[in-house]
Peer 1: 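Please find one structure pasted underneath; my questions will follow.
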Amino acid sequence: MEESKKVVSIIWTLVVLVALGAGLWYLISHSSSKEAAMVPAPGSDYYVSLIQVKHQFKDGEHVYAGSIDLPNACYRLDSHVEKVNDTSVVLNFETSKNTEEMCAQTVTSRNFRLTIDAPMNTSVKGMLNGKSVDLNVFEVPANQDIDLFEINIKG
C-alpha cells in the first residue's frame, strides 16, 4: 500500500512540475509577443497619423518645418518635397532604423525643414513611409522667424 502512495506522490509531483513549466513557457512567450507588438517594426513600418507642420510663404518660397517623434534615437528621418504640378506638392517623410546600435528606448524628436519655390496658393499633402498622413499646418506670418514660432497645442 505504501508503494502505491509513493507512485501517486511521484505522479502528482510530475504533473505539478509539467504544469509549472507550461505556465512559465506561456508567460515568457506571451509577454515577448506583447512587447514586439508595442515596438514599431524597423524602418518603413513606422507610422503616425498626424504631423504638426509650420508653414511660411515668403518671397515666392514655401518653407515647411517641424519635428516628428520617433520611437528611439536609432531611428533616422529623411524628408524631401515632391512637386506634383504647379499648384500641388507632397511632403515625403521616410524613417529608417540603425539596427547595429543599441539605443535607449526613449521617444526622440527628429526635425525637418523643407523649402520649395511655388505659387502662394500651392496645396500640400503628406506621406510617411509611403502612406498618406494628415498634416496639421500652422501658418507663420512672413514677418516672423519660423524657427522662433512656437506651436501651442492644448488638449
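Nothing here was measured: the structure is a model prediction, and the numbers come from that model.
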Peer 1: Quick one: CG on N136 to CD1 on I51, what's the gap to the nearest 0.5 Å?
Peer 2: 11.0 Å
Peer 1: Which other residues end up in the same hydrophobic cluster as V84, if Ile, Leu, Val, Met, Phe, Trp and Tyr are linked when side-chain heavy atoms come under 4.5 Å apart?
Peer 2: V90, M127
Peer 1: Kindly indicate, with the supporting measurements, whether the criterion side chain to side chain contact (heavy atoms under 4.5 Å, CB included) is fulfilled by V107 and N72.
Peer 2: CA-CA 5 Å; V107 174; N72 60 51; over 6 Å; no
Peer 1: In Å and rounded to the nearest 0.5 Å, what is the CE to CZ distance from M120 to F57?
Peer 2: 6.0 Å
Peer 1: Would you check if the side chain of D69 reaches a backbone N or O of T108 as a donor-acceptor pair within less than 3.5 Å?
Peer 2: no
Peer 1: Keeping the roles fixed (side chain from T87, backbone from N121), state whether a donor-acceptor pair exists under 3.5 Å.
Peer 2: no
Peer 1: Rounded at 0.5 Å granularity, tell me how far CD1 in I146 sits from NZ in K58.
Peer 2: 9.5 Å
Peer 1: Which is it for F93 and L114 under the side chain to side chain contact (heavy atoms under 4.5 Å, CB included) test, yes or no, and what are the steps along the way?
Peer 2: CA-CA 11 Å; F93 303 99; L114 302 166; 4.3 Å; yes
Peer 1: How far does CG of L128 sit from CG of L50, to the nearest 0.5 angstrom?
Peer 2: 11.5 Å
Peer 1: Quick check against the 3.5 Å criterion: does N92 have a side-chain atom that pairs as donor or acceptor with the backbone of G126?
Peer 2: no
Peer 1: Taking the side chain as every heavy atom from C-beta outward, state whether I68 and R110 have any atom pair closer than 4.5 Å.
Peer 2: no
Peer 1: Using the salt bridge (charged side-chain N to carboxylate O under 4.0 Å, His left out) criterion, which residues pair with D147? Sequence neighbours excluded.
Peer 2: R113
Peer 1: Has T122 got a side-chain atom pairing as donor or acceptor with P119's backbone, closer than 3.5 angstrom?
Peer 2: yes
Peer 1: Hey, mind stepping through D134 and S49 against side chain to side chain donor-acceptor pair (under 3.5 Å) and telling me if it holds?
Peer 2: CA-CA 6 Å; D134 291 331; S49 60; over 6 Å; no
Peer 1: Measure from the side-chain N and O atoms of E61 to the backbone N and O of A118, and report whether any donor-acceptor pair falls under 3.5 Å.
Peer 2: no
Peer 1: With a 4.5 Å heavy-atom cut-off, do H55 and V140 have their side chains touching?
Peer 2: no
Peer 1: Report yes if some heavy atom in the side chain of K97 is under 4.5 Å from a heavy atom in the side chain of R76; otherwise report no.
Peer 2: no
Peer 1: Is Q56 reaching over with its side chain to a backbone N or O of N143, donor-acceptor style, under 3.5 angstrom?
Peer 2: no
Peer 1: Whether K54 engages the ring of F149 as a cation-pi pair (distance to the six-membered ring centre under 6.0 angstrom, angle to the ring normal within 45°) should be assessed.
Peer 2: no
Peer 1: Side chains of F112 and V53, heavy atoms from C-beta outward: is any pair under 4.5 Å?
Peer 2: yes
Peer 1: Does the side chain of V133 reach to within under 4.5 Å of the side chain of Y47, using non-hydrogen atoms?
Peer 2: yes
Peer 1: Less than 4.5 Å apart, side chain to side chain, heavy atoms only: is that true for V89 and Y64?
Peer 2: yes
Peer 1: After noting the C-alpha distance and the side-chain angles of K83 and I116, does the key distance pass the side chain to side chain contact (heavy atoms under 4.5 Å, CB included) rule?
Peer 2: CA-CA 8 Å; K83 193 170 186 177; I116 189 166; 3.9 Å; yes
Peer 1: Among residues two or more places apart or on two chains, list those pairs meeting disulfide (SG to SG under 2.5 Å) that have a residue in residues 62-108.
Peer 2: C74-C103
Peer 1: How about S96 and Y75: do any of their side-chain heavy atoms sit closer than 4.5 Å?
Peer 2: no
